[in-house]
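Working notes, structure below.
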Number of protein chains: 2
Amino acid sequence: MKKIDIFKKLRSSGLRPTKQRVEIAKFLFERDKTFHFTIESLDKFLAKKTTFKFALATIYNTVHAFKKAGHLSEVDVRGKKTYFDTNITNHHHFYDNETSELIDIDASEVVIQKIPKAPNGKKIKNIEVFINLKN
Amino acid sequence: MKKIDIFKKLRSSGLRPTKQRVEIAKFLFERDKTFHFTIESLDKFLAKKTTFKFALATIYNTVHAFKKAGHLSEVDVRGKKTYFDTNITNHHHFYDNETSELIDIDASEVVIQKIPKAPNGKKIKNIEVFINLKN
DNA sequence: TTTTACTTTAGAATTATTATAAACTAGTTT
DNA sequence: AAACTAGTTTATAATAATTCTAAAGTAAAA
Ligand SMILES: [Mn+2]
Ligand SMILES: [Mn+2]
Ligand SMILES: [Zn+2]
Ligand SMILES: [Zn+2]
């Protein structure tokens, strides 16, 4: 992903390309594989890898703007912190409780044969399969 | 569920049957159908339906003791509050985002045909299917 | 360049949860 | 039944994740 794409991500999220936001966007999107992160892990990375400061509020605001624009998704994990995902396709997860690690499962890897019909007046929006792992 | 069973629930959770705990246990277990709740909803019910006071810490402690003893389970729901479930069988959920309501799906209602194998050295502990609803 | 609207930031506020430690009580012992 | 002991409740403080605020700074428009 080129720098011009980073600007597009920002613009399409309603964000001006400030230096903080560009750094965040580069870290999130300028890579080959998608990944999962928390605000805390992102903050730690930014503190270590860049010279200037990032207020936590800036990180929260930027991540939420990306999420709102559909450039990030959120994953439900037991625990207190929110996990974000740069994989915005429909997909599923393994969760390794020992390491607190999320592993993607492509939607095509899961085939569901039978599912109940949605309650009256409701439709199915999406199905999330969460596979807990043990050793 | 009779009063004697309430005492068993408490005893098997390592809890003395105090009046607070008996009230909580009666509310949770003395009913025909299982249900989902948060600490907040439980607290509100107890405040409204009983005369004596419940410290929040007592509610948290009692619920956690039931969970640890296997009398309650926890459900991952997007959001900040923890949801508990008096249904401790393996089962799945519909989640109605409009009403923030969880609806049980019996394990037999879901048949999964294909699933990837667990990563090296890991085993599958359990599979949770979460179906998001829309109108 | 000046202006305007948006952005960053430090710190305060909020929310859910957990910890603390003093007052209280259930169950046991005498 | 009184005394004892271990467990319990409670108000309050502490912690952790997140959101809010408002002052100072910056990008883009005029
Ligand atoms: Mn959020
Ligand atoms: Mn959660
Ligand atoms: Zn993922
Ligand atoms: Zn349930």
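Since the structure is predicted, the reported quantities are computational estimates derived from the model, not experimental observations. In the text below, chain A, chain B and the rest are named by the order of the sequence lines, each starting its count at 1.
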When the distance from OH of B:Y60 to P of D:dA11 is rounded to whole Å, what number comes out? 16 Å
Indicate yes or no for a side-chain donor-acceptor contact from B:S41 to the backbone of B:F37 under 3.5 Å, with no hydrogens or angles considered. no
When you measure from the side chain of B:A57, which nucleotide among C:dA19, D:dT8, C:dT18 comes out closest? C:dA19
Any side-chain N or O of A:T58 less than 4.0 Å from the OP1 or OP2 oxygen of C:dT7? no
By nearest-nucleotide position on DNA chain C, the 5'-leaning member of B:Y83 and A:L15 is A:L15
Hydrogens and angles aside, do B:D85 and B:H91 bring a side-chain donor and acceptor to less than 3.5 Å of each other? yes
Can you identify which nucleotide, out of C:dC6, D:dG7, C:dA16, has its nearest atom closest to the B:R16 side chain? D:dG7
Counting only heavy atoms from other residues, nucleotides and ligands, does the tally under 6.0 Å from CG of B:N90 exceed 12? no
Tell me which nucleotide among C:dT17, D:dT9, D:dT18 gets nearest to the side chain of B:L56. C:dT17
Phosphate oxygens OP1/OP2 of D:dT9: is one of them under 4.0 Å from a side-chain N or O of B:R21? yes
Just the rounded figure in Å: distance from C1' of C:dT17 to CD1 of B:I59. 13 Å
Tell me the interatomic distance from A:N61, atom CG, to D:dT21, atom C1', rounded to whole angstroms. 12 Å
Are more than 12 heavy atoms, taken from residues, nucleotides or ligands other than B:K49, located less than 6.0 Å from that residue's NZ atom? no
Within the supplied structure, the quantity of interest is the number of heavy atoms (other residues, nucleotides, ligands) at a distance under 6.0 Å from B:K114 NZ; does it exceed 12? yes
Counting only side-chain heavy atoms from C-beta out, which of C:dG27, C:dT8, C:dT17 sits nearest to B:R11? C:dG27
Could you work out which one of C:dT8, D:dA6, D:dT10 sits closest to the side chain of A:Q20? C:dT8
On DNA chain C, does the nearest nucleotide to A:G14 precede the nearest nucleotide to B:P17 from the 5' side, or the other way round? Give the residue. A:G14
Once you round it to whole Å, what is the distance between P of D:dT18 and NZ of A:K80? 12 Å
Whole-Å distance between C:dT7 C1' and A:H64 NE2? 17 Å
Rounded to the nearest angstrom, tell me the gap between atom NZ in A:K53 and atom P in D:dG25. 16 Å
Nearest-angstrom distance from the residue atom CG of A:D43 to P of D:dT19: 15 Å
Check the distance between D:dT18's P and A:K81's NZ and give it to me in whole angstrom. 8 Å
Taking 4.0 Å as the cut-off, does a side-chain nitrogen or oxygen of A:T18 come that near to OP1 or OP2 on D:dA27? no
